[in-house]
Every structure is written in C-alpha cells, then in structure tokens.
Enquirer: 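Below you'll find the structure I mean.
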2 protein chains.
Amino acid sequence: MAVVEEGGDMATLRTAEVAEQAGVNVETLRFYERKGILPEPPRRASGYREYPPETVERVRFIKRAQELGFSLREVQDLLELRQTARAKAGRVRKVAEAKLEEIEHKIRDLEAMKLSLTELLCACDGQKPIASCPIIETLSGCERCQQKEAAEQQGGGR
Amino acid sequence: MAVVEEGGDMATLRTAEVAEQAGVNVETLRFYERKGILPEPPRRASGYREYPPETVERVRFIKRAQELGFSLREVQDLLELRQTARAKAGRVRKVAEAKLEEIEHKIRDLEAMKLSLTELLCACDGQKPIASCPIIETLSGCERCQQKEAAEQQGGGR
DNA sequence: CTTGACTCTGTACCATAGTACGGAGTGAAT
DNA sequence: ATTCACTCCGTACTATGGTACAGAGTCAAG
C-alpha cells in the first residue's frame, strides 16, 4: 500500500496514483506524455511529476475513446478541440463538425449491429432458423449506402 | 482495366476483385485468411482462390467493425455468433448478450461525446466561453458508473 | 508462343500502442 | 541511518494489424 494519499488537500497526484485511478500503468503515462497527449506536469525539485487531479479524467477519456475506435492521434484532436475552441472558431468548427459526423456514423452502425444482435437473440430464443445474417448485411452494406441514407435523412447535402 | 469481370454469371471473385470491392488490398485478404477470420476459399486447379461473392460483405464488415473499436479477434467472435447460432444456444446466447451490452455501452458513450461536441459547436457559435469540458467529464466518468463490473478490481488497494 | 496482368507462397518490414527492464535517485517510516 | 517502495530516464521488447517484396507460376489475348 502506498504511504501517500495524505497531504490533506490532495492537490496533486503522483504517477502511481494517477495510473491506478485511471486504470493504466505508469509507463503508459510517460508514453502519453512523450506523445504529447498528456501535457507535461510540473515537477518537484527532485524531478517527480505532480499531476493535477483532472489528469485522471483525461486518461480515462483517452482509454475509452480508443475503445470506441479512435486512434491516439484522433483522441488528441478531440481533446484539443476544447482548448482552442473559441480562438479561430472557423477552423475549429470544421474539425468539430467532421468529428461529430464521424461519431454519428459510428452510432448508426452500432445501432445496426445492436439490432442484428437483438434479432439473433430473439431468433435463437424462438428456436427457429435464422434466415441469413442480418448483422453483416446491415453493416457491410452501409459504408457506401448509409452515407446516401444519411444525406437523405438529414435532408442536406455534404 | 481488368480483363476479367466477364464470365457471365459472376459466380466467384478473384482476390483482386474482392480486394477492390471491399476497399482493402490483396495482401490483407491473405492476412485475414491466415488469421482465420476469412475462411479459406475453394481453389482452382492452378491454386487461384475463388471467392464467393459474399466475401466482399464480410470484409467490409470486418473493416467497419474495427473502426468501431473491435479487435480482429472480437470481429471474428461477432462473425461466428451467427454460424453457431442455434447449436448450443445457451453458450452462444451468453456471448451474444455480452456483445450486445458492450455495443450498447459504446453507443451510450458515443452519444455522450456527440452531446458534448454539439454543445461545443453551439457554444462557439454563441461566442460565449465554454465553462469546462463536458466531453471529458461525461465520458471519463462513465467508465466506473456504467461499467460497475470492475470485477477484476478487487478492492482493498486504497 | 509470347506478353503482361494477375496469382501464388513465404518472408521481411512497418506503424501504432503500449510494456518491461536496468540502473540510479528520492523520501517517509522505522 | 537504513530500508523499501516509489520515481526517474533511456532503451529494448512485445502484440496487433497490416504492407511490401521476391521469385515463380497462370491465363487470356494478340
């Protein structure tokens, strides 16, 4: 057990604490720092890092965004969106809009998978044969078609 | 222009055709085959692969599922779900249900990201300062709440 | 029957995202 | 003062998901 966590106000965290709370290991934090996805935290005189507590949230976000299919580079973009938000709003806006569309596309496709899987579950509940595979058709077809569908749904062109 | 695509009935496809239609390259098909994620197709006498046309759909599905954050191993599981569907329904059902939950979780998190991003866009539209970052809070917080199943994390560490 | 695009196999290489390790310094408790 | 977990840094290694040849065979057209 760490002998730390004292210090009263919990103002800053050390690497092992951030790592544990965020569910990654210490090396990963350094890795992210090297990659520029985590800002370099202030150091003590000794060189020890002193992370601000919100680092934990940031790292958790990074992990989760990766599980949602974003690369570290993309996660970095997402994180930066907010920092630069009001400055040069025009350029940022474009990026944000693109990301938003990407996210909506992911949601649509996951909904399709969900539907197929639900049907699968129902079907195998009722013991009747599954006609053909809905999950594949829905999703694999969608890369081309769904963009059209989306355009129709939204009513606006791209 | 390939000299192929004749043959009248389009019964089978060759590697380059599958690759082109699925938007991957030829080596990738072999790679998937080695990994067992694409079944070995029948061969001609010469050794040439003759893919059934639905291979294209399968490959597109694979690509998209990866973009949604599933590893090849997971994609394989998803694909196999349907093959084994009615046989040993009990075991399969469990897997399917787990996948379904995972997918729903992804959707929820993407919805959260979408919301935050939408707010960001609204905020920077209205030119007012963005209070704090909603996108990070929403997503990084949820890992615990929603995924209460930090089962492998036996307490006591803190 | 030659040509050129396409295919085969195997092996080597690449980028991304970490993980592990060695050797040395730090720091709070005993 | 010693101990021992924790920290530092750099480097090397791993796994995943491909990509890129090299060298040889195939096949349809000219």
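Remember, predicted model here, so these are calculated numbers, not experimental data. First the proteins, then the strands, lettered A, B, ... as listed; each starts at 1.
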Enquirer: Could you list the residues that satisfy side-chain contact (heavy atoms from CB on, under 4.5 Å) with Glu102(B), not counting sequence neighbours?
Expert: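 Testing Glu102(B) for side-chain contact (heavy atoms from CB on, under 4.5 Å), a comparison that skips the adjacent residues, returns Phe70(B), Glu74(B), Lys99(B), Lys106(B).
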Enquirer: What is the separation between atom CD on Glu33(B) and atom C1' on dG10(C), rounded to the nearest whole Å?
Expert: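 Rounded to whole Å, this separation is 14 Å.
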Enquirer: Can you list everything that forms a salt bridge (Lys or Arg N to Asp or Glu O under 4.0 Å) with Arg30(B)? Sequence neighbours excluded, please.
Expert: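 Applying salt bridge (Lys or Arg N to Asp or Glu O under 4.0 Å) to Arg30(B) gives none.
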Enquirer: Does Glu97(A) have any side-chain hydrogen bond (donor to acceptor under 3.5 Å, both in side chains) partners at least two apart in sequence or in another chain, and if so, which?
Expert: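 Once residues adjacent in sequence are excluded, the partners of Glu97(A) under the side-chain hydrogen bond (donor to acceptor under 3.5 Å, both in side chains) criterion are Arg93(A).
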Enquirer: Under 4.0 Å between a side-chain N or O of Thr15(A) and OP1 or OP2 of dC8(D)?
Expert: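 Checking dC8(D) against Thr15(A), a side-chain N or O does come within under 4.0 Å of OP1 or OP2.
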Enquirer: Run the salt-bridge test on Glu111(B) and Arg108(B) with the 4.0 Å N-O cut-off and return the result as yes or no.
Expert: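 The answer is no: the pair does not qualify as a salt bridge.
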Enquirer: Could you check how far CD of Glu17(A) sits from P of dA5(D), rounded to whole Å?
Expert: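 In whole Å, dA5(D) P lies 17 Å from Glu17(A) CD.
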Enquirer: Which donor-acceptor pairs under 3.5 Å do side chains of residues 39-53 of chain A form with protein atoms, sequence neighbours excluded?
Expert:
{"from": "Arg43(A)", "atom 1": "NH1", "to": "Gly47(A)", "atom 2": "O", "distance (Å)": "2.8"}
{"from": "Ser46(A)", "atom 1": "OG", "to": "Tyr48(A)", "atom 2": "N", "distance (Å)": "3.4"}
{"from": "Arg49(A)", "atom 1": "NE", "to": "Glu33(A)", "atom 2": "OE1", "distance (Å)": "2.8"}

Enquirer: Please identify each residue that fulfils salt bridge (Lys or Arg N to Asp or Glu O under 4.0 Å) with Lys114(A), with sequence neighbours left out.
Expert: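 Salt bridge (Lys or Arg N to Asp or Glu O under 4.0 Å) check on Lys114(A) returns Glu104(B).
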Enquirer: List the residues meeting salt bridge (Lys or Arg N to Asp or Glu O under 4.0 Å) with Arg34(B), not counting sequence neighbours, and say none if there are none.
Expert: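 Expected list: none.
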Enquirer: Within this structure, what is the CG-to-P distance between Leu29(B) and dG17(D), rounded to whole angstrom?
Expert: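 One finds 16 Å between P of dG17(D) and CG of Leu29(B), rounded.
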Enquirer: For DNA chain C, find the residues of residues 40-51 of chain B with a heavy-atom distance under 4.0 Å and give them by number; none if there aren't any.
Expert: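 By residue number: Arg43(B), Gly47(B), Tyr48(B), Arg49(B).
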Enquirer: Checking Glu27(B) now: which residues fulfil side-chain contact (heavy atoms from CB on, under 4.5 Å) with it, not counting sequence neighbours?
Expert: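 With neighbours one apart ignored, the set is Asn25(B).
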Enquirer: Spell out protein contact along nucleotides 15-21 of chain C as letters: B when the base is contacted, S when just the sugar-phosphate is, - when no protein heavy atom is under 4.0 Å; keep the 5' to 3' order.
Expert: --BBSBB
